[in-house]
Structure formats: C-alpha cells, structure tokens
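The structure appears right after this line, and notes come after that.
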Amino acid sequence: MKKLFLYANINPNDKSVGITKKVLDEIDAFKALGYEVYYTCYLEKFIAVVDAKSGNVIKTYRYFPLLRPITRRYSLMRAAREFLAEGNSFDLIYARYHYFDYACLRMLQECRKRAKKVVMEMHSYPCLTRKEHIVYYLDKWYTKRCVQYVDLFANMSNDDLPFSKPQVRITNTINKGTVSIRTPHKRDDVITMLTVSYEREGHGFDRAIRGLRNYYDNGGKRKFRILFVGKYRDSTKQLMHNLKLENYCEFLPPAQCDALDDYYNQADLAIGHLANHRIGSFSGSSIKVQEYLAKGIPFVYAWNEMTVPDDFPYALKFELNDEPLDFEKIVSFYDALPDAEKVASEMRSYFETFAGWENQMRKLLEKI
C-alpha cells in the first residue's frame, strides 16, 4: 500500500468546523484509493501526527501557549518538518495551502526530500488577507521560492494560478453519506435566512445586515429573520445592534448533528459568501455552498462558484461588491420558488452528480 502524508491545520475533535469535516473526508477518499494516510492536526495542548487507519497519535509536538493563534501555525509546520526529517518517507505528500513564508519554505524543502511527489491544495488563492497585512507581503515574497518544491497544484478556482507549474482543477465537495437532505417545515410567515459559518472577512455579512435595514427603512413589509449559527465577528454583531435589528437577527453558537439539522429544516434560504473580493478572490469553490446544495436549501451568494451556473434556479447571485443586498430581489426570488420539498429534492439530485471526494482525488492522482 502506498503511503501519504497530509499537512492539515484542523482539530479533528471539533466537527462543527466545515474545514475539519472536509479534511477528514479527503483522508477517507485517499484511503479508499489505496493510500495509508498520516496527517497533522491540532489537539488541545499539542500538535500531533495521526495514523488515519487506527486513529492513533504516533507523534506529538509542543507549541508555545503564548500568542497561541499566531504561534501554532509555525509550530505546526515545524512539527511536520521534524516528523519528515526523522526519516519518514512517502509516495505522496498532500499539503493544504497555508500561505507562503519562510516556515512554509522550510517545510516544503523537507517534503521534497521525503516524497516522490508533492501536491499542494490551493483551496484559496491569493492569500486570504488585505494587502496592508504583513502576511500578504510575506506570501508574495516567498511564492516563487516555495512553488519550486511542489510538483502539482490542486486548483480550486476557475482562474489559473499565477505561476508556471502543473495544476489540476478540483472542486470542494462533500461525501454523500455525511450530509442528509433537509426536511423543510414552515412554522410561520417569516422568511428565515440561515448562515452557518466561522466568520472571515470574505463572508461579507455586513451586506446582508445593511440590506435588511434598507429594506425596512424603505417600507418593506415582509417579515425576515436571519439565524447566524457559528462564530461571528464582534463588528458584525455590533453593526446589527447599531442598526437596531435585534428583533430580526439572532446569533447562535456552533451546532452539530440534530441541532444543526433543525436549523436547516426551519430555514427558508441560506447565505453564502458575499464579499470575497475584499480578500482578492473572485472565483472558487465554497464548502458551505456544497453543504447548501447537499441539504437542498436555496441560497443567495456573490461569487463565481465553480459548481453553480449563473442560471441555477435555486440560487440568487448578487454582484461581488460592498453594496447592501437588495431584499426586494430576495423577496421576489423566494416567492418564485416552487414547493420546498421539490426544491430540496432537485438540489440534492444536482449535488449528487458531482459529489464525493473520491471523484476529486481520483482526478488529481491521474495527473501525477
């Protein structure tokens, strides 16, 4: 059996985070395709390398508790490098893009020594931060040096990567068996909108909040409720308070399993990414949109989603800008939808035509 090392920045014990579920599904796909997989992860007090077959932690590494959100990324890359340097060799190393800098360069240099092939997943590019942030300049400075140690890039965007290295296009997806279709149950005459997120700058939820305020200021009559499930920025919550929308917006803690399914069942519409242009990204594949498709809930968004054609009947696409959402358009979109059960069924059927990480990873392996 071939051996694969996967550099991942997840906490496998917190499956309320979409990226955790994604990486674990990727691991299952590689296992199904004949690989013995080892991966890095964050645990409560240390960094670990885990044997995916047994689930056993085979190596642990400490990291500094001070400035934990900052130092743990560097500690993770150092742990991956040290694990490889101990003589562990692999047929394939699959590394998730975590922006380029000196720590990444050193890790990739070790990857080159210890693997027959090195693949990097570009789930987002360029670096997801504003240009004035130091991370943006570090990434730009180190890109040319880092990419020379990668054999193939898994590009999750419709746009070509800006460097001359082999690439294969794959999309974010979800394994069919991990997400159940929703069972809509309308309880009242309120249009309930849902977002399930760990908020980042590119989400742009301020556009929805400002749009809702404009709708009511301009005489809008329909009742709306927005459920924000997950973790959200203080600035987003403060904006909601400043605009006096407490009766229309509710911030709820992260949810899993039955609790999350219940939110999906009671919602009418979902909200996807609205402002990825703020981080320099204009097309790609969002895990959250894949979840919306799998659950069968119509949604609004503002991005060039790889698996959502512009004329998709169950998604309302807004321009990718900073303007408040037009809730009159949302009302018209919602009112034109057919029966909710029919929508859920047809969205799920569409999702299943391309779903599954095994399909995506098979495409990647064929290019190596």
Side-chain angles (χ1 to χ4, degrees), residues 4-11 19-20 23 26 38-43 45-50 58-90 92-157 159-167 200-202 278-281 284:
L4 181 147
F5 179 68
L6 196 154
Y7 168 79
N9 54 322
I10 64 168
N11 179 348
I19 190 61
T20 300
V23 171
E26 287 181 329
Y38 300 82
Y39 67 94
T40 58
C41 64
Y42 299 121
L43 294 179
K45 296 182 179 179
F46 51 84
I47 289 165
V49 176
V50 177
I58 62 173
K59 196 80 177 180
T60 61
Y61 301 86
R62 298 181 62 186
Y63 62 94
F64 299 108
L66 296 177
L67 300 175
R68 181 170 173 173
I70 299 174
T71 61
R72 70 176 191 170
R73 173 191 174 275
Y74 296 97
S75 299
L76 182 68
M77 289 189 168
R78 185 185 68 238
R81 187 181 77 245
E82 291 178 0
F83 175 73
L84 293 169
E86 290 170 3
N88 296 292
S89 298
F90 295 87
L92 175 64
I93 290 179
Y94 188 84
R96 284 174 43 76
Y97 172 66
H98 208 178
Y99 77 80
F100 298 126
D101 64 355
Y102 182 65
C104 181
L105 174 64
R106 292 193 66 196
M107 182 186 75
L108 288 174
Q109 288 172 332
E110 196 63 42
C111 288
R112 165 55 57 233
K113 298 175 186 176
R114 302 297 173 179
K116 295 177 182 178
K117 296 290 181 180
V118 178
V119 174
M120 178 166 280
E121 177 191 292
M122 307 302 283
H123 50 275
S124 56
Y125 191 84
C127 184
L128 297 183
T129 189
R130 288 186 179 272
K131 290 186 177 181
E132 58 265 26
H133 199 289
I134 188 173
V135 168
Y136 172 85
Y137 292 100
L138 284 171
D139 182 83
K140 190 173 183 178
W141 177 263
Y142 278 96
T143 292
K144 186 174 181 179
R145 297 175 66 186
C146 287
V147 300
Q148 65 180 304
Y149 296 102
V150 179
D151 297 297
L152 177 69
F153 286 93
N155 183 6
M156 292 185 172
S157 170
D159 301 320
D160 289 335
L161 297 171
F163 30 84
S164 56
K165 297 286 283 189
Q167 56 187 283
R200 298 291 184 268
E201 190 171 5
R278 295 174 182 172
I279 51 176
S281 181

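This is a predicted model, so every value here is computed, not measured.
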Less than 4.5 Å apart, side chain to side chain, heavy atoms only: is that true for [X] and [Y]?
| X | Y | value |
| --- | --- | --- |
| K144 | F100 | no |
| I279 | R200 | no |
| E26 | E121 | yes |
| D101 | Y74 | yes |
| L4 | Y38 | no |
| Y149 | V118 | no |
| F5 | L84 | yes |

Can you name the side chain to side chain contact (heavy atoms under 4.5 Å, CB included) partners of A48, sequence neighbours left out?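 Checked A48 against side chain to side chain contact (heavy atoms under 4.5 Å, CB included); matches are C41, L43, F46, V50, V57.
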Nearest heavy atoms of [X] and [Y], plus distance in Å:
| X | Y | value |
| --- | --- | --- |
| K59 | E86 | CE-OE2, 3.3 Å |
| I47 | R72 | CD1-O, 3.9 Å |
| F83 | V49 | CZ-CG1, 3.8 Å |

Tell me which one of K117, K116, R112 satisfies side chain to side chain donor-acceptor pair (under 3.5 Å) with D151.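 Exactly one pass, corresponding to R112.
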Report yes or no: does [X] contribute a side-chain atom to a donor-acceptor pair with the main-chain N or O of [Y] at less than 3.5 Å?
| X | Y | value |
| --- | --- | --- |
| S89 | A115 | no |
| K165 | V150 | yes |
| R73 | H98 | yes |
| D139 | Y99 | no |
| H123 | Y97 | yes |

Do the ring planes of F163 and F153 sit parallel (below 30°), tilted (30 to 60°) or perpendicular (above 60°)?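 Aromatic pair F163/F153 classed tilted.
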Say you draw a straight line from [atom1] of [X] to [atom2] of [Y]; how long is it, rounded to the nearest 0.5 Å?
| X | Y | atom1 | atom2 | answer |
| --- | --- | --- | --- | --- |
| Q148 | Q109 | CD | CD | 7.5 Å |
| R81 | Y61 | CZ | OH | 10.5 Å |
| L76 | M107 | CG | CE | 8.0 Å |
| I93 | L108 | CD1 | CG | 9.0 Å |
| I19 | I10 | CD1 | CD1 | 8.0 Å |
| R106 | C111 | CZ | SG | 12.5 Å |

As a quick check of understanding, evaluate side-chain contact (heavy atoms from CB on, under 4.5 Å) for Y7 and M120, giving each step before the final call. CA-CA 9 Å; Y7 168 79; M120 178 166 280; over 6 Å; no
More than 12 heavy atoms of other residues, nucleotides or ligands under 6.0 Å from OH of Y102: is that the case?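 For Y102, atom OH is not crowded (no more than 12 foreign heavy atoms under 6.0 Å).
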Considering only NZ, NE, NH1 and NH2 on the basic side and carboxylate oxygens on the acidic side, decide whether R78 and E82 come within less than 4.0 Å.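 Yes.
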